[in-house]
Protein chains: 2
Amino acid sequence: MATSSARTKVVLRRHIRRAGVLRVVQPRAEATRDALLDAGRRLLNERDFDAMSIADLAAANALSVGSFYGRFRDKEAYFALLQEMVTSEWTEATLRDFDVRRLAGWSAGRIVRLVTTQVVNVYRNDRGFISAALRHASTHPGAWTPLKRAGARFANVVTALLAPRLTHLPRMARAARVRFAMQLLYGMLINAVLNDPGPLNLDDPRLEKELARALSAYLGLRPR
Amino acid sequence: MATSSARTKVVLRRHIRRAGVLRVVQPRAEATRDALLDAGRRLLNERDFDAMSIADLAAANALSVGSFYGRFRDKEAYFALLQEMVTSEWTEATLRDFDVRRLAGWSAGRIVRLVTTQVVNVYRNDRGFISAALRHASTHPGAWTPLKRAGARFANVVTALLAPRLTHLPRMARAARVRFAMQLLYGMLINAVLNDPGPLNLDDPRLEKELARALSAYLGLRPR
DNA sequence: ACTATTTTCGAATCCTAATTCGAATTTTTT
DNA sequence: AAAAAATTCGAATTAGGATTCGAAAATAGT
């Protein structure tokens, strides 16, 4: 299994041509670029995008502000790349874990439990990044961000898996039900990450179970 | 029925002693203060707290920046008062509409429908303010804001109304179920206001119905 | 070893918004 | 009417973060 740093490199290679990510020739520039991206991901667990200054990012690696701008056109270009990087990791995990053939014999209820567990874990592990990306996106209404894209993609995967299993519902209603259920799940977790509300916060071990219960009930599945 | 401006005055009178809201002697100063608060509420429908400058607020009433600071210690004190003002209006409506005696003969299902309708309407009508307050609060983790207070208060009211009606559940689980249902509802609407997600956005006429369906199902109520 | 290219450094510049402050204006009191 | 108090004005100040830029340092090529 690849380490986190090596994984960064593999995923990153796909997005390197992005406008605003400046050309790298020497290995040290590549190392600088990667170190800045890793630092960003870490720092976003402590503060949001606006509160994370270029000076913070540079200092996290004993680098200068000028060297940041030698690698990224500006702060926005940097963040766009970071978002692509992180959400691409998620998408890879999704394709692996939610393969239609792999889950062929699974019941709807069991899939709902897998979905809630997976999504809650993503939000738990990357809460800082998600929070920052959400806050940043909310100042650009209408923007189709990597985060939104990843969320929509996953909802599509889940809909394709679950809708055919909701045989007790009219055929026309199945996909819409699953999509709304996903909207409930995302809403719940987005609120958890942004506002840390009660009664169950993101770290509460009961959260997955209660979410699965709610979604299953809404989808009309037998309680287990 | 009092007009919006007169209503502002009535509600405002309760919060005037706030630290950071400067003393008023002459009527023109009172008018300035009130005009600035009304402008803030309006402007927050177009932009968030950070993007709403003091110059914007002043200009909305052909006033100067200096006159803003003659009335409020700083931008934070201003926003705190504005939040108290708006959430106090909500709380008044809640006390009126969710009176235990008034809803004595109501079924749980019917109360859920009333709850979802009411909360969705609050979010529809004050989406700009709510969005701004949420974004602002998320940069002050742990802060117990007027918005959170109002949300918690309402959840308490709903719990007191619904829990006794969930006779099919163990007595120990009833309040917890209602509280989680409220968390689902808030999460859904907070996401709607911040991110305008699909499939059902805040203006979709199906939203209340689908939310009531989800919450009723989760609470184990008979579909209607 | 020397030259050319790349990269980083760190101070300076730029920009923007919050806040301050002394003067001008308005209102109230004598 | 004059003096005192309250209020507003609008330019100046302050603060803080993004970005630029010329010089210094590091690396690659000959």
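Order of the sequence lines sets the chain letters (A, B, ...), proteins ahead of strands, with each chain counted from 1. Please read these numbers as outputs of a predicted model, since none were measured by experiment.
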S.K.: Measure CZ/B:F72 against P/C:dA17 and give the value in whole Å, please.
M.R.: 20 Å

S.K.: Take atom CG of B:L63 and atom C1' of C:dA24, then tell me their distance rounded to the nearest Å.
M.R.: 16 Å

S.K.: Tell me the interatomic distance from A:E76, atom CD, to D:dG17, atom C1', rounded to whole angstroms.
M.R.: 14 Å

S.K.: Which nucleotide wins on minimum distance to the side chain of A:V25, given the candidates C:dT28, C:dT7, D:dT8?
M.R.: C:dT7

S.K.: Heavy-atom nearest nucleotide on DNA chain D for A:G66 versus A:D50: which residue maps closer to 5'?
M.R.: A:D50

S.K.: Can you tell me the distance, in whole Å, between the OH atom of A:Y69 and the C1' atom of C:dT13?
M.R.: 13 Å

S.K.: Expressed as a whole number of angstroms, how long is the span from A:I54:CD1 to C:dT13:P?
M.R.: 21 Å

S.K.: Using a strict cut-off of less than 4.0 Å between a Lys/Arg side-chain nitrogen and an Asp/Glu carboxylate oxygen, indicate whether A:D196 and A:R127 qualify as a salt bridge.
M.R.: no

S.K.: Any chance the side chains of A:D56 and A:S53 put a donor and an acceptor closer than 3.5 Å?
M.R.: yes

S.K.: If the plane angle is over 60° it's perpendicular, under 30° parallel, otherwise tilted; pick one for A:F79 and A:F129.
M.R.: tilted

S.K.: Quickly work out the B:R71 CZ to D:dA6 P distance and round it to whole Å.
M.R.: 11 Å

S.K.: Does the side chain to side chain donor-acceptor pair (under 3.5 Å) test come out yes or no for B:T91 and B:R153, once each step is laid out?
M.R.: CA-CA 8 Å; B:T91 301; B:R153 203 178 280 135; 3.1 Å; yes

S.K.: Taking the side chain of B:S64 as its heavy atoms from C-beta onward, which of D:dC9, C:dT7, D:dA18 lies nearest to it?
M.R.: D:dC9

S.K.: Nearest whole angstrom, please: distance from the P of D:dA18 to the CZ of A:F49.
M.R.: 8 Å

S.K.: Would you kindly check whether a donor in the side chain of B:R28 faces an acceptor in the base of C:dT27, or vice versa, at under 3.5 angstrom?
M.R.: no

S.K.: What's the closest nucleotide to the side chain of B:K75 if the choices are D:dA18, C:dT19, C:dC9?
M.R.: C:dT19

